[in-house]
Trainee: 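If you scroll down you'll find the structure; I have some questions about it.
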Amino acid sequence: MKNYHFESHPLPNPESVISGDNYRFTVLTDRLIRYEWSPDGKFEDRASTFAINRSFPTPKFHKVEQDDQIDIITDHFHITYDKKRFSPSGLLASFSAKITLWGAQWRYEDNPGSLPNLGGTARTLDECDGPCKLGDGVLSRSGYAAIDDSKSMLFDGKGFVAGRELGDRIDGYLFAHGHDYKAAIKDLYALSGKQPLLPRWALGNWWSRYYRYEQQEYIDLMDEFRGKDIPLSVAVIDMDWHLVDDDRVPHAGWTGYTWDDKIFPDPKKFGKDLHDRNLKITLNDHPHSGIHHHEDSYEEMAKFLGHDTSQKHPIQFDPTSPKFIEAYLSILHRNLEKTACDFWWIDWQQGAHTKIPGIDPLWLLNHFHFLDNALDGKRPLIFSRYAGPGSHRYPVGFSGDTVTTWASLKFQPEFTATASNIGYGWWSHDIGGHMLGTRDDELVTRWVQFGVFSPIMRLHSSNSQWTSKEPWKYRKESEIVIRNFMRLRHRMIPFLYTRNVICATQDEPLVQPMYWSFPARDEAYSVPNQYFFGGDLIVAPIVTPRDKRTNLGSVKVWVPPSSGRWVDIFTGTVYDEDRELNMYRPLHEIPVLAHEGSIIPLDAAAAPDNGGKNPDAFEILVVVGRDGQSSVLEDPQDDSNDAERAAPSSGERGSLIQLDQQKGVLTAHVTGRTWSFRFLAVTEVPKGLQVEVDGKDITKEAEVTVEKFPNVPSLVVHVPASCTTQSAHDKKCQIQISLGPDPQLSVLDHKERIARLLLDWQTDFDIKDRVWSVVSDRKSGINVKIGKLMSLSVDERFTEPVAELILSDHRGMHL
């Protein structure tokens, strides 16, 4: 196993350690401490699945010791310990964080799960029809959280793993970060390892289905997606790629490692055909039944392992054997990878036990498959279930077989955001649902919208002929929305890839609960399905059926304080900050808000190609009102031909875009290609608008347009490639757009939008007329208008969507 080097630094700085005959404390930071108790005085110095790095600089702390008590004091916590086996009365901590009037205090408990905690995540959502129990994270409203690491698997420091010593041993970590939630996550990643950088292609659309496809049938399906301009990046081949129900298979179950030649007569050609279409391939693997004599690699595996083949006995799956794991990866899986597999879907469902207590096979599979996938120098990726704290090192997560119901969808945004509390940032769900449930086109459409604004967008379904997720198998209304959102996912890859880099380098998960940024606000905890997406965007998925009369879905949204306003990127609607309201949307929209100063890079193509390549043209969404800055990071290995030609030979592939609000100047330091800048909710061309490239005025060459409803109200400035490529060869150019000093978001008139809503309502014409009379009243003040709406004596679902728009921006209340 010498090839599977795993970097860890488990030994702490000796100056950080306080120990006695049966206890040991390690002060890792002034807000993070490890506490251990051992009946025989033996303590664990090896890395665990949770804690791989304990080599922190020694923080400032004081130790005060008496005969029967030790106090450990930092600027943030005060530990008191009675030198006995840990107990609620013998090990406690108080904190300096001013969170509660009565003062927060932690006491050791044998069951840390009983402590107040904001939750982490779960191993699987298999068969969960709604919420499930979550494990602990490292955050709590009380300001402290404890993680029990007493039973986790260990790394032996020699390339393999080991179980824990048995007995009454305690190994825990106390996070005492108050409401500085992001600092707690940074300490978690410092202790447990960072999130790796995902390959760019992983951020596109994945096609997945549990179905016995034939080889050409699968290729034809991929071509049908391409022919309909619906991009994909990953082809997931579920279990039936290998022999399953075949006379040659001597066992029951899902394990298999030999291509089924009845449906895949030429697997190598199949792999080439998918790669030629810019698709990566993952194969489903259920390894628990071992390798039987009918498998293609049986003889080679047996020879390597010294296994007697005379009786055709199977090679048992034994993850505790280093030699078996070596053969399992370097022979069994490598042979398949050479044919048609870029990474593995490890579908382990057989529990957490092996013949060595404390070694969880899922942990071991995730760890070694991930390291193995990196051996050829590429960015590693696996697809597997969550195994426990520390699993964020092995993306991406497979959340299990999802039940196709509204209750399942309703829980998934909260489940995804809460997982970040334990650092787990890359969940992939069965988007649209996998099994059971009912046919509901609206449900699948709303699920796809959430999937596009979730870490990994993977459509999935069962082998039922009624559940497959091809967009064109749904009613036309849903087909159009699903298709457009799948295109949007690939248009968002420039934004997602940049955030992917930030996730890996700056300890910022892609999806974050609202309370991470607003820990003191109760409202932030009251909207668990609303989350920050990539830092600049707030997403509030619609997870309940729409009203059949208005045709509108709704969701409660908290618009947080931001020193400015927020703009919905789909509608251009401007919202005042710091308020709660119900937002109403037709099927083709969900609330996605960007704050003033946001700069969001997109691929400008209406329907990007497969694979998520670096774009040949960009569209940059800009929200004026505050200073802003954003990078556009690219990976040269993912270039299209045009992108490669425009790239400097020096290899620099980052573009920096900055908005100086006071001057009203947007500056973009970019490589060649075409760049368009969409200033959301700006509906007039500023007087004196000027566009320059490297100081040369190109205002006349630039295309400047204003779009209004039914499009997204915006000012669009298009800088053609012919202008950016006029710059000196092999260097970036500078685009500068001058809007005039201190540009502001326009005050939008929503009358046309409201008219469109009213037109679609399935209700009495009299109700429409009465609502319209209020909307059309240009003389009354806003208080009078709202009073009239409330006095109409009609269902609130007819008045609230109108009130949302009238009240969205206080500047427009006179309209």
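Heads up: numbering here begins at 1 and tracks the sequence.
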Trainee: Quick check on the 6.0 Å ring-centre criterion: do F50 and W363 meet it?
Mentor: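 Centroid distance F50-W363: not below 6.0 Å, so no.
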
Trainee: Measure from NZ or CZ of K323 to the centre of the six-membered ring of F304, then state whether that distance is under 6.0 Å and the direction lies within 45° of the axis.
Mentor: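 Pair K323/F304 counts as cation-pi.
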
Trainee: Fit a plane to each ring of F495 and F533, take the angle between them on a 0 to 90° scale, and name the class: parallel (under 30°), tilted (30 to 60°) or perpendicular (over 60°).
Mentor: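 Tilted: the ring planes of F495 and F533 meet at 30° to 60°.
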
Trainee: If every non-hydrogen atom of P471 is compared with every non-hydrogen atom of I230, which pair is closest and at what distance?
Mentor: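 Where P471 meets I230 most closely, the heavy atoms are CG-CD1, 3.9 Å.
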
Trainee: Taking all atoms of both residues into account, what is the closest heavy-atom pair of P615 and R200, and its distance?
Mentor: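 Answer, listing the atom of P615 first, then R200: CD-NH2, 3.6 Å.
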
Trainee: Could you go step by step and tell me if T402 and H429 meet the side chain to side chain donor-acceptor pair (under 3.5 Å) rule?
Mentor: CA-CA 8 Å; T402 302; H429 303 302; 5.8 Å; no

Trainee: Using the ring pair (Phe, Tyr, Trp, His ring centres under 6.0 Å) definition, which of the options W206, W345, W426, W348 pairs with F398?
Mentor: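 For F398, the ring pair (Phe, Tyr, Trp, His ring centres under 6.0 Å) test succeeds with only one of W206, W345, W426, W348, which is W345.
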
Trainee: Indicate the ring-plane relationship of H251 and H294, choosing parallel, tilted or perpendicular according to the 30° and 60° boundaries.
Mentor: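 Taking H294 first and then H251, their aromatic rings sit tilted (interplane angle of 30° to 60°).
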
Trainee: Step through the shown structure and confirm whether more than 12 heavy atoms of other residues, nucleotides or ligands are within 6.0 Å of CD on E127.
Mentor: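 Incorrect, the count does not exceed 12.
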
Trainee: Please walk me through it: do Q637 and D635 pass side chain to side chain donor-acceptor pair (under 3.5 Å)?
Mentor: CA-CA 5 Å; Q637 69 178 353; D635 187 341; 3.1 Å; yes

Trainee: Quick one: salt bridge (charged side-chain N to carboxylate O under 4.0 Å, His left out) pairs with a partner in residues 415-438, sequence neighbours left out?
Mentor: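 Listed by first then second residue: D430-R458.
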
Trainee: When you look at H367 and F160, which way does the ring-ring contact (aromatic ring centres under 6.0 Å, His included) test go after all the steps?
Mentor: CA-CA 10 Å; H367 178 74; F160 206 62; 9.1 Å; no

Trainee: Cation-pi check for Y386 against R123: NZ or CZ below 6.0 Å from the six-membered ring centre and within 45 degrees of the axis, yes or no?
Mentor: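 Negative - R123 is either too far from the ring of Y386 or too far off its axis.
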
Trainee: For D318 and F324, work out which heavy atoms get closest and say how close.
Mentor: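 Distance-wise, the nearest heavy atoms are O-CD2, 3.2 Å.
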
Trainee: For residues W406 and D440, is any side-chain donor paired with an opposing acceptor at under 3.5 Å?
Mentor: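 Side-chain D/A pair, W406 to D440: present.
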
Trainee: Do the non-hydrogen side-chain atoms of M153 and I359 ever get within less than 4.5 Å of each other?
Mentor: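 A side-chain contact exists here, since the closest heavy-atom pair is under 4.5 Å.
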
Trainee: Take a 6.0 Å sphere around NZ of K410 and say whether it holds more than 12 heavy atoms from other residues, nucleotides or ligands.
Mentor: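 Atom NZ in K410 is not packed in, count stays at 12 or less.
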
Trainee: Can you see which heavy atom on S461 is nearest to which on K469, and at what distance?
Mentor: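 Between these two residues, the closest heavy atoms are CB-NZ, 3.3 Å.
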
Trainee: Parallel, tilted or perpendicular for W259 and F264, by the 30°/60° rule?
Mentor: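 Correct class here is perpendicular.
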
Trainee: Mark yes when over 12 heavy atoms from residues, nucleotides or ligands other than D376 sit less than 6.0 Å from its CG; otherwise mark no.
Mentor: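 Counting other residues, nucleotides and ligands, CG of D376 exceeds 12 neighbours.
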
Trainee: Output the distance between atom CH2 (W472) and atom NZ (K228), rounded to the nearest 0.5 Å.
Mentor: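 If we round to the nearest 0.5 Å, W472:CH2 and K228:NZ are 6.0 Å apart.
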
Trainee: Hey, mind stepping through T282 and D342 against side chain to side chain contact (heavy atoms under 4.5 Å, CB included) and telling me if it holds?
Mentor: CA-CA 6 Å; T282 181; D342 296 293; over 6 Å; no

Trainee: Salt bridge or not for R385 and D126, using N-O below 4.0 Å?
Mentor: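 Salt bridge: yes.
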
Trainee: If I take atom CZ from residue R446 and atom OG from residue S478, how far apart are they, to the nearest 0.5 angstrom?
Mentor: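 Going from CZ on R446 over to OG on S478, the span is 9.5 Å.
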
Trainee: Show your working on side chain to side chain contact (heavy atoms under 4.5 Å, CB included) between L336 and W241 and close with a plain yes or no.
Mentor: CA-CA 11 Å; L336 291 162; W241 63 272; 3.7 Å; yes

Trainee: Any ring pair (Phe, Tyr, Trp, His ring centres under 6.0 Å) involving residues 473-492? Give me the pairs, sequence neighbours left out, ordered by first then second residue.
Mentor: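 Every pair satisfying ring pair (Phe, Tyr, Trp, His ring centres under 6.0 Å) with a residue in residues 473-492: F485-F570.
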
Trainee: How are the rings of H460 and H434 set to each other: parallel, tilted or perpendicular (split at 30° and 60°)?
Mentor: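 Rings of H460 and H434: parallel, under 30°.
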
Trainee: What orientation do Y213 and Y211 show, parallel under 30°, tilted 30 to 60°, or perpendicular over 60°?
Mentor: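 Because their plane-to-plane angle is over 60°, the rings of Y213 and Y211 count as perpendicular.
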
Trainee: Under 4.0 Å between a Lys/Arg side-chain N and an Asp/Glu carboxylate O for R334 and E337?
Mentor: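 Here R334 pairs with E337 in a salt bridge, since their nearest N and O are under 4.0 Å apart.
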
Trainee: Count the heavy atoms of every other residue, nucleotide or ligand shown that sit under 6.0 Å from NE2 of H353, and state whether that count exceeds 12.
Mentor: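 Counting neighbours around NE2 of H353, 12 or fewer heavy atoms of other residues, nucleotides or ligands fall under 6.0 Å, so no.
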
Trainee: Side-chain contact, heavy-atom cut-off 4.5 Å: T438 with T404?
Mentor: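 No. Closest side-chain heavy atoms not under 4.5 Å.
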
Trainee: Rounded to the nearest 0.5 Å, what's the gap from CD on Q316 to CG on L305? Could you check?
Mentor: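 Taking CD in Q316 and CG in L305, the distance rounds to 12.0 Å.
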
Trainee: Go through R248 and D261 one step at a time and tell me if the salt bridge (charged side-chain N to carboxylate O under 4.0 Å, His left out) criterion holds.
Mentor: CA-CA 12 Å; R248 289 168 284 182; D261 52 11; 3.1 Å; yes

Trainee: Ring centres under 6.0 Å, that's the criterion: do H275 and F270 meet it?
Mentor: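 Ring-ring flag for H275/F270: false, centres at least 6.0 Å apart.
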
Trainee: May I ask you to decide whether R164 forms a salt bridge with D149, counting only side-chain N to carboxylate O separations under 4.0 Å?
Mentor: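 Judged by the 4.0 Å cut-off on N to carboxylate O distance, R164 and D149 do form a salt bridge.
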
Trainee: Are any of the side-chain nitrogens in D260 or K262 under 4.0 Å away from the carboxylate oxygens of its partner?
Mentor: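 The answer is no: the pair does not qualify as a salt bridge.
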
Trainee: Does the side chain to side chain donor-acceptor pair (under 3.5 Å) test come out yes or no for S462 and T467, once each step is laid out?
Mentor: CA-CA 6 Å; S462 72; T467 62; 3.1 Å; yes

Trainee: Can you name the nearest heavy-atom pair linking G425 to P509, along with the distance?
Mentor: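 For G425 versus P509, the nearest heavy atoms are CA-CB, 4.5 Å.
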
Trainee: Report the residue from D285, N335, D296 that forms a side-chain hydrogen bond (donor to acceptor under 3.5 Å, both in side chains) with Y257.
Mentor: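 For Y257, the side-chain hydrogen bond (donor to acceptor under 3.5 Å, both in side chains) test succeeds with only one of D285, N335, D296, which is D285.
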
Trainee: Give a yes or no on whether the ring-centroid distance for H313 and H292 is below 6.0 angstrom.
Mentor: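 Judged by ring-centre distance (under 6.0 Å), H313 and H292 do not meet the cut-off.
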
Trainee: Is it the case that over 12 heavy atoms from other parts of the model lie below 6.0 angstrom from the CZ atom of R475?
Mentor: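 12 or below, so no.
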
Trainee: Compare every heavy atom of A607 with every heavy atom of R487, then report the nearest pair and how far apart it is.
Mentor: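 Looking at all heavy atoms of both residues, the shortest contact is NE-CB, 3.9 Å.
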
Trainee: One thing to verify: whether K269 and D276 come together as a salt bridge, which I'm taking to mean a side-chain N less than 4.0 angstrom from a carboxylate O.
Mentor: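 Salt bridge between D276 and K269, a charged N being under 4.0 Å from a carboxylate O: no.
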
Trainee: Between Q412 and W427, does the side chain to side chain donor-acceptor pair (under 3.5 Å) criterion hold? Intermediate values first, please.
Mentor: CA-CA 10 Å; Q412 282 194 0; W427 268 125; over 6 Å; no

Trainee: Quick one: do L365 and S384 satisfy side chain to side chain contact (heavy atoms under 4.5 Å, CB included)? Show the steps, please.
Mentor: CA-CA 9 Å; L365 287 167; S384 185; 6.0 Å; no

Trainee: Does the ring-ring contact (aromatic ring centres under 6.0 Å, His included) test come out yes or no for Y189 and H392, once each step is laid out?
Mentor: CA-CA 9 Å; Y189 286 138; H392 62 269; 5.0 Å; yes

Trainee: Please examine the side chains of E477 and D441, heavy atoms only from C-beta on, and report whether any two atoms are closer than 4.5 Å.
Mentor: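 No, their side chains stay 4.5 Å or more apart.
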
Trainee: Answer yes or no: is there an ion pair linking D609 with K613, defined by an N-O contact shorter than 4.0 Å?
Mentor: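 No, D609 and K613 are not salt-bridged.
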
Trainee: Would the F383 and W344 ring centres measure less than 6.0 Å apart?
Mentor: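 When the ring centroids of F383 and W344 are compared, they turn out to be at least 6.0 Å apart.
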
Trainee: Is there side-chain contact between D273 and Y218, with heavy atoms separated by less than 4.5 Å?
Mentor: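 D273 vs Y218: side chains apart.
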
Trainee: Taking 4.0 angstrom as the limit, do K268 and D266 come out as a salt bridge?
Mentor: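 So K268 does not pair with D266 through a salt bridge.
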
Trainee: Dump the intermediate steps for side chain to side chain contact (heavy atoms under 4.5 Å, CB included) on F343 and K378, then the final yes or no.
Mentor: CA-CA 11 Å; F343 67 103; K378 65 185 177 184; 5.8 Å; no

